[in-house]
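Note that ligands are numbered from 1 as they come in the structure, with each ligand's atoms numbered from 1 the same way. For this chain, numbers begin at 1 and follow the sequence in order.
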Amino acid sequence: MRLRRGGAAAEAEPGAVATRAAENLAAAVRIATVTPPDGPLSESDAATFAELRALLEAAYPHVFAAASDAGSLDVVGRAGLLLRLPGASTERPVLLMAHQDVVPVPQDWQAEGWEHPPFDGVIADGRVHGRGTLDDKGALIVLLEALEGLLAEGWTPARDLHLLFGTDEEQHGPSAVAAVELLQERGVEPWLVVDEGGAVATGAFPGLSTPMAAIGASEKGITTVRLVVEGLGGHASTPPRESAPGILAKALVAIEAHPFPAALHPISVEMFEGVAPRLRGPLRAVLRRAGSLSGLLARVLPRVGPELAAMVRTTAAITMLEGSPAQNVLATRAAATVNCRIAVGSSVAETIAHLERVIGDDRVRLEVQEASEPSPVSPTGDDPRWQALVAAVADSYPDAVAVPYVMMAASDARHVARIAPAVYRFSPLLMDKAQREAIHGPNENVSIESLGRGVAFYRALLTGDALGPPAPNR
Ligand SMILES: [Zn+2]
């Protein structure tokens, strides 16, 4: 295991900081911390997460010492880590998050098209390659690099700094839930929370030549619904006029034929108006007036593609199907799973009501398997926390435009929203279209240069005015 200590070269040129981050990230990728299945941690999973923890402790000794010296290093959930770096004040604490777990790769990952083995942590072509480089070990490493460098220079945070590294983000995040309960018990109400989510994206908009730092100010809700139709079964030689799978199929067709109503959320308006001045081409004039054209945009955007469609409405994805167990047996039960992502401004109840209405058949039973409301909207505009993020982006990615957006995937951050009024979802890493598509897919990679900028982002955020000593009037 090759490790580079964060503090040693804190004042070296950015290239050295980025290289050290890349080497530590590569080492972290080699420990395959695949999200463990529900239930108690298996011995081998426990060993894998212990190995990653040992690596982090060795690479970032100042960070872990600051927490353990204060008696503030807790294991939350199964192997989540919750650290508190004591600041000069306990007022207006800050919570920074990243998760340690990664999604699995198929057994036959070569067939999926990986250029480098997913867990080898290969550094090549100015990039670190492997599962987790973007989601979310890259963000974990740049955060720790920034803190380690600052602490090694003798810096101490002005306010308490809480760090949460979950172990099961990709599986509904029970370790984050446990951490939130612990923070709540201790009366900690984070003033600012930053977790994964958006990124510094290139190629995000047609006609936008500069990168867009998309900072999630809210996230869609999620509900998973199982549609079940019971049938009589029997032999395939004497089928009924309507079978259980047939009734189910009509319900599924009805769901796809009747999309949820579209509306442009004010956060999306702010995003469009934010990028408009940087756009070239016909979109510039339209998006400049996104506020007054929001009705029109809500109707037009879904036709452009699935990403924009998901931005303006609740979506329903049909994922799993089951029917008869044999080719000549009628199904006694047919079932489908529908995974819905709920628009900010709507609710679980509205989503279920819409499904029931468009299906319009009480032979189709809806079983709600998971339900999580859309997150509250965190402040943007003049809010000092939003401004602190914008300033840190300007420092680390001077050519990027920072805009808020509604995150469409679900993250650990949603669990924190109930104790924190300002939760932002942002990984300070550069991602082009191919890299964004590689998250949860083959060839996940991050550029070394971007790791250096990510460290610069967290340094700027941590040392900026907004995170300085809390004044009574702030
Ligand atoms: Zn993630």
Q.
Please report the interatomic distance CE(M97) to CG(D136), rounded to the nearest 0.5 Å.
A. 9.5 Å
Q.
E270 vs T380, test: side-chain hydrogen bond (donor to acceptor under 3.5 Å, both in side chains). Steps then yes/no.
A. CA-CA 9 Å; E270 204 176 328; T380 55; 2.8 Å; yes
(Q) I need the minimum non-hydrogen distance between Y60 and I141, along with the two atoms involved. (A) OH-CG2, 3.5 Å
(Q) Apply side-chain contact (heavy atoms from CB on, under 4.5 Å) to residues I419 and H415 and explain how you reach the verdict. (A) CA-CA 8 Å; I419 61 163; H415 304 303; over 6 Å; no
Q. Around the Zn ion (ligand 1), how many protein N, O or S atoms are closer than 2.8 Å?
A. 4
**Q.** Donor on one side chain, acceptor on other, E145 and Y458, under 3.5 Å
**A.** no
Q) What is the ring orientation for Y424 with W386, classed by angle as parallel under 30°, tilted 30 to 60°, or perpendicular over 60°? A) tilted
